[in-house]
Student: 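Here it is: the structure, laid out below.
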Amino acid sequence: MSENVPSISIQNLRHSAEERQKLFKGLTKVGFLYICDHGVPKSITDRVKRLSPDVFLADKWERQELAQWREGKLSYGDIYNEKDQRVVNERSDVKLDKKEIDEAFFDYISEMYRVGEILVYWVEKVLGLKNGALSEAYGKDPILVQHINYYHTKPNERWAFVEHVDRNCILTFLMQSEVGGLEMDFNGRWEEVPFRENTFTVNLGNILEHATYGVVKATWHRVRMPANQKRHQWPTFFTLSPKSTLFQIQDFAWNKDNYQRRLIEERARIIGNDNRHQAEVLTPDTNILEWLKEHSKEFEARKDFPKVDSQILEMVSRKQGDEIGYDVAENEFRYQNYESKK
Ligand SMILES: O=C(O)CCC(=O)C(=O)O
Ligand SMILES: [Fe+2]
């Protein structure tokens with residue numbers, strides 16, 4: 001089970017050296033943390049959970065309206081594209097209250113931002129970095145990309161999200177549902193990372209790993225879906241701030257060779273030469289900016305992989321999105337076809 005994922009009380013970090021030690025272990029040995037005593041009101045998380053299922057029951061017309069809506073605080077991604085065509089309802093009576101969805105997720109994202117900032121402060125502390133070292137390089141005003149992952153019901157158990165590391169991100173906050181299935185690679189074995197009440201699961205992304213020459217670990221993980229169940233999960237990806245300077249922290253350069261070896265070992269062991277995965281490997285010398293640019297193009301082109309038989313609603317604050325020209329509902333032209341058939 002999950003005894004290996006340390007559970008960190010945000011409240012205890014200030015006065016408990018033991019809590020800080022657990023955080024250090026989670027960052028460097030495990031790559032996953034449970035975060036509790038975070039102060040996120042249950043009313044906010046409950047509202048998000050309550051509103052989410054309808055998004056995926058609504059028909060394509062209703063979804064199209066949400067994706068094209070411009071009056072809220074968030075921008076919404078396209079949740080009716082070719083890959084979803086098989087599973088999106090053609091007609092449904094479900095109506096989406098866009099204003100309520102917008103408020104609920106805006107409040108939720110704001111809370112993630114608040115807790116994330118506290119966590120990054122403590123990450124710097126336990127890594128022995130000066131205050132602001134990480135947040136200046138990678139995370140001051142990070143762009144928060146919010147997803148609802150929806151894995152729909154299938155008669156058989158299946159791999160619903162194949163092995164991957166969270167790419168293009170500093171860290172990920174995940175609100176889990178009771179339906180389990182998340183597993184992480186821990187010392188060469190797959191271990192479950194189950195749901196816990198009032199707790200966020202946090203894992204570290206490859207940008208933070210790269211910044212620290214692998215001292216902080218971005219851990220491979222995957223999702224196994226049980227038969228005959230649906231599952232919603234809510235990951236929040238902390239992605240680069242437009243102000244990032246993107247330097248690697250030289251205090252950790254001593255780990256460069258270990259980092260390189262580990263990347264190669266993990267990749268070979270976990271995916272071998274499964275060429276459905278991204279081909280190019282990140283190394284300690286990779287120019288991360290170039291890599292990210294290349295990678296996001298490739299990811300766009302890949303459509304459904306590594307997530308299988310699932311749908312995502314992507315959201316980002318309109319203000320942040322506008323600042324960097326991030327359009328989650330790209331491909332507006334797609335909708336013209338649907339409009340004409342209506
Ligand atoms: O659905 C989950 O439990 C995990 C999803 C995930 O790993 C991701 O979205 O990167
Ligand atoms: Fe992930």
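The first residue of the sequence shown is numbered 1, and numbering continues consecutively from there.
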Student: Can a side-chain donor-acceptor contact be found between Gln68 and Arg63 if the only test is distance below 3.5 angstrom?
Tutor: no
Student: How long is the straight-line distance from OG1 of Thr199 back to CG of Leu174, given to the nearest 0.5 Å?
Tutor: 11.5 Å
Student: For the pair Thr45 and Val40, evaluate side-chain contact (heavy atoms from CB on, under 4.5 Å) and give the outcome as yes or no after the intermediate values.
Tutor: CA-CA 8 Å; Thr45 54; Val40 178; 3.8 Å; yes
Student: Is the shortest side-chain heavy-atom distance between Thr239 and Leu144 below 4.5 Å?
Tutor: no
Student: Do Ile170 and Leu204 have side chains that approach each other closer than 4.5 Å (heavy atoms only, starting at C-beta)?
Tutor: no
Student: Fit a plane to each ring of Tyr108 and Phe105, take the angle between them on a 0 to 90° scale, and name the class: parallel (under 30°), tilted (30 to 60°) or perpendicular (over 60°).
Tutor: perpendicular
Student: Distance-only, no hydrogens or angles: does the Gln248 side chain make a donor-acceptor pair with backbone N or O of Pro284 under 3.5 Å?
Tutor: yes
Student: Please determine whether salt bridge (charged side-chain N to carboxylate O under 4.0 Å, His left out) holds for the pair Lys98 and Glu65, giving the CA-CA distance in whole Å, both sets of side-chain angles, and the decisive distance to 0.1 Å.
Tutor: CA-CA 9 Å; Lys98 296 195 281 296; Glu65 260 186 44; 3.1 Å; yes
Student: Can you tell me how far the NZ atom of Lys217 sits from the CG atom of Leu208, to the nearest 0.5 Å?
Tutor: 13.0 Å
Student: Which pair of heavy atoms, one from Asp59 and one from Ser92, lies closest together, and at what distance?
Tutor: OD2-N, 3.1 Å
Student: Taking all non-hydrogen atoms of both residues into account, name the closest pair between Ala133 and Phe247 and its distance.
Tutor: O-CZ, 4.0 Å
Student: I'd like to know if Arg269 pairs up with Asp185 as an ion pair, taking the criterion as any Lys NZ or Arg NE/NH1/NH2 lying under 4.0 Å from an Asp or Glu carboxylate oxygen.
Tutor: yes
Student: Would a hydrophobic clustering, with Ile, Leu, Val, Met, Phe, Trp and Tyr connected at side-chain separations under 4.5 Å, put Val193 with Trp159?
Tutor: no
Student: Salt bridge or not between Arg224 and Glu183? Use side-chain N to carboxylate O under 4.0 Å.
Tutor: no
Student: How close do Pro194 and Tyr34 get, heavy atom to heavy atom, and via which atoms?
Tutor: O-OH, 2.6 Å
Student: Between Gln146 and Ile109, is there a donor-acceptor pair closer than 3.5 Å when you use the side chain of the first and the backbone of the second?
Tutor: no
Student: Would you indicate whether the side-chain heavy atoms of Ser9 and Leu13 approach each other to under 4.5 Å?
Tutor: no
Student: Please examine the side chains of Pro53 and Tyr150, heavy atoms only from C-beta on, and report whether any two atoms are closer than 4.5 Å.
Tutor: no
Student: Show me, pair by pair, the donor-acceptor contacts under 3.5 angstrom made by side chains of residues 22-33, not counting sequence neighbours?
Tutor:
residue: Lys22; atom: NZ; partner: Ser7; partner atom: O; Å: 2.8
residue: Lys22; atom: NZ; partner: Glu19; partner atom: OE2; Å: 3.2
residue: Thr28; atom: OG1; partner: Phe24; partner atom: O; Å: 2.7

Student: With a 6.0 Å cut-off on ring centres, are His152 and Phe56 close enough?
Tutor: no
Student: Under the criterion side-chain contact (heavy atoms from CB on, under 4.5 Å), I'd like the reasoning laid out for Lys230 against Tyr151: C-alpha separation, chi angles, the key distance, then a yes or no.
Tutor: CA-CA 6 Å; Lys230 18 172 123 141; Tyr151 305 84; over 6 Å; no
Student: To the nearest 0.5 Å, what is the distance between CE on Met175 and OG on Ser52?
Tutor: 7.0 Å
Student: Between Glu100 and Arg50, is there a side-chain N and carboxylate O pair less than 4.0 Å apart?
Tutor: yes
Student: Find the distance between CD (Glu111) and OG1 (Thr236) and round it off to the nearest 0.5 Å.
Tutor: 11.0 Å
Student: Salt bridge or not between Arg91 and Glu62? Use side-chain N to carboxylate O under 4.0 Å.
Tutor: no
Student: So Asn12 and Asp37, side chain to side chain donor-acceptor pair (under 3.5 Å) or not? Walk me through it.
Tutor: CA-CA 8 Å; Asn12 290 349; Asp37 298 331; 4.9 Å; no
Student: Applying ring pair (Phe, Tyr, Trp, His ring centres under 6.0 Å), run through Phe238 and Tyr113 and close with a yes or a no.
Tutor: CA-CA 9 Å; Phe238 287 61; Tyr113 191 92; 7.4 Å; no
Student: Ring-plane angle category for Tyr259 and Tyr213, please: parallel below 30°, perpendicular beyond 60°, tilted otherwise.
Tutor: perpendicular
Student: So, His221 versus Asp166: side-chain donor-acceptor pair below 3.5 Å or not?
Tutor: yes
Student: Establish, for the pair Arg189 and Trp220, whether the NZ or CZ atom is under 6.0 angstrom from the six-membered ring centre and no further than 45 degrees off its axis.
Tutor: no
Student: Is it the case that atom CD in Gln250 sees more than 12 heavy atoms from other parts of the structure closer than 6.0 Å?
Tutor: yes
Student: State yes or no: do Phe195 and Phe200 share one hydrophobic cluster built from I, L, V, M, F, W and Y residues joined by side-chain heavy-atom distances below 4.5 Å, directly or via other members?
Tutor: no
Student: A side-chain contact here means heavy atoms from C-beta on lying under 4.5 Å apart; do Ile143 and Leu240 qualify?
Tutor: no
Student: With a 3.5 Å distance limit and no angle check, can you tell me whether Arg318 reaches the backbone of Gly72 through a side-chain donor-acceptor pair?
Tutor: yes
Student: Taking Leu313 as the starting point, is it possible to reach Val179 by hopping between hydrophobic residues whose side chains are less than 4.5 Å apart?
Tutor: no
Student: Check the side chains of Asn228 and Thr153 for a donor-acceptor pair under 3.5 angstrom, ignoring hydrogens and angles.
Tutor: no
Student: Could you pull out the closest heavy-atom pair between Asn4 and Met184, with the gap in Å?
Tutor: CB-CE, 4.4 Å
Student: Show your reasoning for whether side-chain contact (heavy atoms from CB on, under 4.5 Å) applies to Trp254 and Val215.
Tutor: CA-CA 10 Å; Trp254 55 266; Val215 168; 3.8 Å; yes
Student: Does the distance from a Lys or Arg side-chain N to an Asp or Glu carboxylate O, for Glu103 and Lys99, drop under 4.0 Å?
Tutor: no
Student: Please lay out, stage by stage, how Leu57 and Val94 fare under the test side-chain contact (heavy atoms from CB on, under 4.5 Å).
Tutor: CA-CA 7 Å; Leu57 294 174; Val94 171; 3.9 Å; yes
Student: Please determine whether the number of non-hydrogen atoms from other residues, nucleotides or ligands lying under 6.0 Å from atom NZ of Lys95 exceeds 12.
Tutor: yes
Student: Answer yes or no: is there an ion pair linking Arg261 with Glu265, defined by an N-O contact shorter than 4.0 Å?
Tutor: no
Student: CD1 of Ile312 to CD of Gln233: how many Å apart, nearest 0.5 Å?
Tutor: 13.0 Å
Student: Can you tell if the side chain of Val165 reaches within under 4.5 Å of the side chain of Glu266, non-hydrogen atoms only?
Tutor: no
Student: With rounding to the nearest 0.5 angstrom, report the OG1 to CD distance, Thr201 to Gln176.
Tutor: 4.0 Å
Student: Measuring only between side-chain heavy atoms, which start at C-beta, is Gln260 closer than 4.5 Å to Thr283?
Tutor: yes
Student: Give the minimum heavy-atom separation between Arg20 and Arg14, together with the two atoms involved.
Tutor: NH1-O, 3.0 Å
Student: Heavy-atom count check: over 12 atoms from other residues, nucleotides or ligands less than 6.0 Å from Asn287 CG?
Tutor: yes
Student: Does the side chain of Val55 come within less than 4.5 Å of Ile101's, by heavy atoms?
Tutor: yes
Student: Using every non-hydrogen atom in the two residues, find where His38 and Asn198 come nearest and quote the distance to one decimal.
Tutor: NE2-O, 2.9 Å
Student: Classify the angle between the aromatic ring planes of His164 and Phe161 as parallel (below 30°), tilted (30 to 60°) or perpendicular (above 60°).
Tutor: parallel
Student: Determine yes or no for a side-chain-to-main-chain donor-acceptor pair under 3.5 angstrom, with Asp102 supplying the side chain and Lys73 the backbone.
Tutor: yes
